[in-house]
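For reference, the structure discussed in these notes is given below.
Remember, predicted model here, so these are calculated numbers, not experimental data.
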Amino acid sequence: MKINCLLNNKQAFFNTYSDKPLSLLLTEEAAITSLQIGCGTGRCGNCILLIDDKPVLSCLIPAFSVAGKRILTFEGFTKTRFHSEIKRAYKKHQAYPCDQCYAAKTLIIHSIISDNMDPEPEDIIQALQVNTCNCLNYDELTQIVQTAAGFRRRKRRVRRS
Amino acid sequence: MYEGVRAPAVFNPETILEALDVYQRYPRSILWAGGTTLMSQLREYPSHDNKDILYLGGVSELHRINRNERYIEVGPMVSIQRLLTVGQHILHPVLAHACKRLGPPIIRSQATIGGSLCHPNLRLNLATALMILETQVEIKDSRSTKSSTRWVPIHRLYKRDGSLGLIHGEIITRLRVFFEDANFQCFSIIGDPFYHPETAVIFAVFAKYEKSTISEFRFSLSLPSIDIFRSKEIEASITSKDLPLSAKEIIAISGQLRELLSNYSSKIQKVQIERSCRILEKTLQDMNTKVFAN
Amino acid sequence: MNKDMSIHTIHHPDMLFGQLVRSSIPKGNIASISLPKLSDDFIVITAQDIPGSNSIKVFDETIPLLSGDHIIYKDQPILAIFGPDRESVHQATLQVNINYTIDEEPVGAVQPPEHETSMSWGDCESFFENPMNTIEHTYMTGNTSSVPSSPLGAVAIFKDSAVEVWATTQWPFHVRKTVSEVCGITKRKVEVYQNPYDHSSGGLLLEPSVMAALSTIAAIKTGKPAKMTSMDPVFRPELIVTKKTAVDQDMVPIAEKIEFQIHLGVIPLFADEILAQVMEGVIPIYHLEACSIQARVLTSPTVPRNYFFGFGFSLGLFTSAAHASHIAQLSLMNPANWLMKTVRNSTKRPKHLVHPRPALIKELIERTVERSDFSRKYAVYEMQRRRNRSISTFTGYTRGVGLASGFGVNGFSNTYMNEHNYSVEVTLDVNDQVLIKSSILHSSTEEIWKTIIQNQLGINSEDIAICQGSTSEVLDSGPDILNRDLTVISLLIERCCESIKNQRFKEPLPIIVKRSLKRSKATNDEMKKSAFAYFTWGSLALEIEIDPVSLNPIPMGVWITVSCGHIYDQDRLKKKIQARVLKELQAVMGTETRSTYQPHIDVEFHKDEDAITADPLPNILGLLYAAYTSAITQALNEPFTSIPAGAQQVFEFIGGKK
Ligand SMILES: Cc1cc2nc3c(=O)[nH]c(=O)nc-3n(C[C@H](O)[C@H](O)[C@H](O)COP(=O)(O)OP(=O)(O)OC[C@H]3O[C@@H](n4cnc5c(N)ncnc54)[C@H](O)[C@@H]3O)c2cc1C
Ligand code: FES
């Protein structure tokens, strides 16, 4: 099946198996290296990327459904201005996700604060629950998200003024 | 690439009529909604059966939500998250809770109502909650030359043995959930119904009482890989009782459930029976507490 | 290719994908194999196609790489198919038809006679002739499997008559040896690079070597890069320990008979080391006048078991610490006081065993008891236990609290260490820059090692590099087991630094120092006596609540006090412990746990700067299992003796009571 999409802001074309999981498609056929493929069944939450700005588990996304969509992997995200806010939040709390889940957690945090720049702890935990890696606990994660949200609010205020 | 392998064809209809037409011409194809169930079973990618895919995502009619004073009508392609957001103030609490407990938000945004009701082997949150609400399901059949449409109460979606009652060739096209007030509604999940259905239990209650007499009590109990259990007998024995229920009454009702479940299916696990009785006891106690609080 | 690349992200345009076809029977012979018609783009590898030796050796054990005609265990690899993409290869494997003649022989577990051991001190029998009381329990660790959290695999590239291999291995030098022997090429022509892997999943020794060898054959035969990955579950060994203790009228143990068996699947890989480690774990820390231990290894035609995070020491420690708790509970004394009373110095215990340090244990227990409010909680829950209250939805939750204390060993026993010589090299070059060479690859080590060098040689961290090259660039530091990165290798680096410090400003640069793991280098006299050179002491309390509806045991809090020598980065270690404890709690609670609930995990390090730095995790995990089951025992008022222990097991208990 032939698929055109926008991958990390560049046009991409695939001739692939129609229900191939997006995670495999991108690692095997697009040289995307940031994607961690774990369980392949939606349980570990390590394979997150953004499709049309919304986070998804790429192992649960069939190739055919991304035709015409905008895919942003962690590689692409690091080139956006949003990455630095989250990096600064990690640094501020001296708490970093492990290598396995760094990309996934960072993208979830980005999507939380994109939806709501003043998220409640309950929403933060709910959203991050999809990633089952325990390297950071929920207290740490809540603080990181709130700090990152604060950075984004500040940036927005500065830009407005 | 993909030498000797025939990849599944993907059909992308835009209307229900088109979808039915494709389904009629390619009856072996699988209906594809959010794909969360279908993809999470693809551990052995690529799957063995290689069926063609009839993707319902492009059919705009299936994404609609309408309401009037009597009911809310929802298309099967509405995602669980969207139903929660749109229906925030109008959904029955038991239904809203069933949606909220359906996996993490990322899953809820992808999973659809139709997909949740039509899991081939599992009876999950939505089916359990909708079973005790007055819910009608519209089914269209692609096999007859003039596509036939029928409305059935939700329990008729499943056969007596708990399996999905849809015949291959049928598509769910709409759901109608009638508004109804209740004094007490609750929804609980014990265990993990999706990944460990053999020990899990899903439980939903919808009850009305006047003054302190129970005037109506409905419950449904999903033993996810078996069936959704309902018992008119237990419902009747609770209805017309006065609140608060005494410990003795609660234990008697739970004993009744234990007995019924013990003879219900050979597939039921003892731990599921125990959990079912305990969740019923706990719920009846919560109902007592709620009456006291008022 | 970059060192941090996961195996699944390595891709080359014309790369071949491989998949194994495994046996569906446990024992028998292959009568015939029928293969699908495949184009020239595919290649099938059977035992006959192996250019070198069709076997994998790990120390003294050998296992066939591919089965040949004879099947010796279920899921044994029979052949591999490589092709242009995973989809068509998968399709091809589904079309392979194998006919077997099945052996009628029983396929249950058997005991290979050579792996049996025993130990004793004192005259155990005499104490059991007329004992005041005996307490007997059988402890079990179930057959648990886990799916790796990321794929295991290997990629082979054949170029200019040499081969480059990338593998998710914890021991690149084993991959190199296997590839060289299987493919019949000299080791010099095989370069192995490590890909990142998840330590806690296991399966990182045999599987990657199998996949690397087969991918190499495919790469040599076709001239194309070849890759194989797997997400097959890996299994832990199963341990059964029976403990019979003779106690006096105050419930103080006098003598103990211990029998254990450990099931390792088809080959008794690392059997003697495992026996030594479990043996060390099952021996209690309380004083015994006499003790006898019988131990054996069982094998069966099932997949080789993986050592997860050590060689069974933690499982052994679980049984001894849980048994201590059970006796303490029967004594009606607070287990903290009971432990402090029964642990004492003894000349009876053989010298080669780890000897308890009563003063240290007392301190560790006291700190744990204080922080967890153990004594008060224990008293309250004891009252509840003695009332024998059932777990009912009417009475609400039932709680229990457990306490365990003991030591943990690290890495290999000395018998093993004396037989194998693994090394690390540190170079101080002419620009005052440092380079470390080791085959242990773990990103979390980097900072720790840099801190050691910074402290010892005063060199900035930007000027310190860790050579993460292939087997031709680094030294064989042995299999990366038990997170030795934090412990043993760090110690070797420290020793290298000491030597550099002595030579610096006297000798010309570069100064290159290589240090090897040798038991005789252990500095602490007391430690020299023991079979293990690196160990830690700890105490752990855990509070649990049994949910009356779901019957899930829910940990409310964990309090850990450990003494593990000098710690380079306390915060990092604390976090590592917390994450691992959480993961292990989820595993021990059974399969159902995907909850947002996280118990409070409090970790305190006890200062013991003189001790050799060692990893406290094997110690903590054993104590965690023991405290967990003790807490459930108190909550249910029945001795709980097996892990995993979740709602199903709780239900079986209360069901039995009914
Ligand atoms: C990580 C994870 C956690 C989860 N946790 C829970 C949980 O706690 N509780 C719970 O209830 N569920 C849970 N789920 C399951 C989830 O509810 C289902 O996977 C989801 O609802 C299926 O919806 P879908 O749109 O993705 O269906 P799909 O996967 O697309 O389809 C599912 C089935 O429904 C059929 N189908 C779809 N639409 C129609 C239609 N209109 N007419 C007829 N047949 C149709 C399909 O052919 C297929 O057989 C979880 C899933 C995941 C991945
Ligand atoms: S790989 Fe997608 S959730 Fe685990």
Please round to the nearest 0.5 Å and tell me the distance separating atom [atom1] of [X] and atom [atom2] of [Y].
| X | Y | atom1 | atom2 | result |
| --- | --- | --- | --- | --- |
| B:I107 | A:L60 | CD1 | CG | 5.0 Å |
| B:I30 | A:D19 | CD1 | CG | 7.5 Å |
| A:M1 | B:I53 | CE | CD1 | 8.0 Å |
| A:K54 | B:Q81 | NZ | CD | 10.0 Å |

Closest heavy-atom pair and its distance - [X], [Y]:
| X | Y | result |
| --- | --- | --- |
| B:Y195 | A:G42 | OH-C, 3.6 Å |
| B:S40 | A:T41 | CB-O, 3.3 Å |
| A:P21 | B:M39 | CA-CE, 3.7 Å |

Any donor-acceptor N/O pair, A:S18 side chain to B:P8 backbone, under 3.5 Å: yes
Looking only at A:P62, A:S65, A:S111, most heavy-atom pairs under 4.5 Å shared with chain B are made by A:P62
Please say whether more than 12 non-hydrogen atoms of neighbouring residues, nucleotides or ligands are located less than 6.0 Å from [atom1] in [X].
| X | atom1 | answer |
| --- | --- | --- |
| A:Q11 | CD | yes |
| A:E120 | CD | no |
| A:K155 | NZ | yes |

What part of A:L24 lies closer than 4.5 angstrom to a heavy atom of chain B: side chain, backbone, both or neither? side chain
